[in-house]
**Student:** 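Quick one: the structure is below, questions incoming.
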Amino acid sequence: CVTPMRFTAEDIRRQLEASAPGIDAVPPADLGLQNLLASMATAAQNSLLEGCPIFIERLRTNPRLAQRIKEIMQHWSTESST
């Protein structure tokens with residue numbers, strides 16, 4: 001029902017180019033930019049989720065449910081080892 005969103009450095013580069021059409025594309029050989037884009041892609045994958053609209057609506061309308069799921073996930077490794 002919930003999966004991490006998948007981004008690549010190339011996806012982010014294309015999005016940046018599309019959002020600023022007047023700016024020339026940075027050459028792909030720019031190692032610093034490639035590292036920045038790769039870091040952005042990793043951060044996005046670690047923080048953004050794609051979810052079922054019904055599940056998302058239930059989380060939005062029931063903060064206690066969202067809090068309980070958050071607590072379960074934060075203590076996942078300790079609960080599974082007992």
Side-chain angles (χ1 to χ4, degrees):
C1 197
V2 177
T3 59
M5 295 182 80
R6 299 289 177 209
F7 294 97
T8 65
E10 183 63 23
D11 294 334
I12 293 174
R13 186 189 62 75
R14 281 194 307 265
Q15 183 63 35
L16 288 172
E17 288 176 357
S19 66
I23 298 174
D24 292 335
V26 177
D30 185 346
L31 186 58
L33 180 62
Q34 289 300 318
N35 287 337
L36 174 64
L37 293 176
S39 295
M40 291 171 65
T42 300
Q45 289 179 25
N46 289 337
S47 61
L48 298 174
L49 296 174
E50 183 175 19
C52 164
I54 295 169
F55 180 64
I56 299 300
E57 182 61 27
R58 287 183 179 169
L59 291 175
R60 286 183 178 149
T61 59
N62 188 346
R64 292 178 68 200
L65 173 61
Q67 182 61 36
R68 182 65 186 131
I69 291 172
K70 179 180 174 181
E71 291 168 1
I72 289 170
M73 295 305 293
Q74 288 174 334
H75 300 99
W76 187 269
S77 63
T78 57
E79 289 180 6
S80 63
S81 64
T82 58

**Student:** For D11, give me all partners under side-chain hydrogen bond (donor to acceptor under 3.5 Å, both in side chains), at least two apart in sequence or on another chain.
**Tutor:**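 Here the qualifying residues are T8, R14.
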**Student:** Rounded to the nearest 0.5 Å, what's the gap from CZ on R68 to CE on M73? Could you check?
**Tutor:**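 If I round to the nearest 0.5 Å, the distance is 12.0 Å.
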**Student:** Return the set of residues passing side chain to side chain contact (heavy atoms under 4.5 Å, CB included) with N62 (not counting sequence neighbours), or none when no residue passes.
**Tutor:**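 With neighbours one apart ignored, the set is R64, L65.
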**Student:** Side-chain polar contacts of residues 51-61 - donor-acceptor pairs under 3.5 angstrom, sequence neighbours left out - could you list them?
**Tutor:**
residue: T61; atom: OG1; partner: E57; partner atom: O; Å: 3.0
residue: T61; atom: OG1; partner: R58; partner atom: O; Å: 3.4

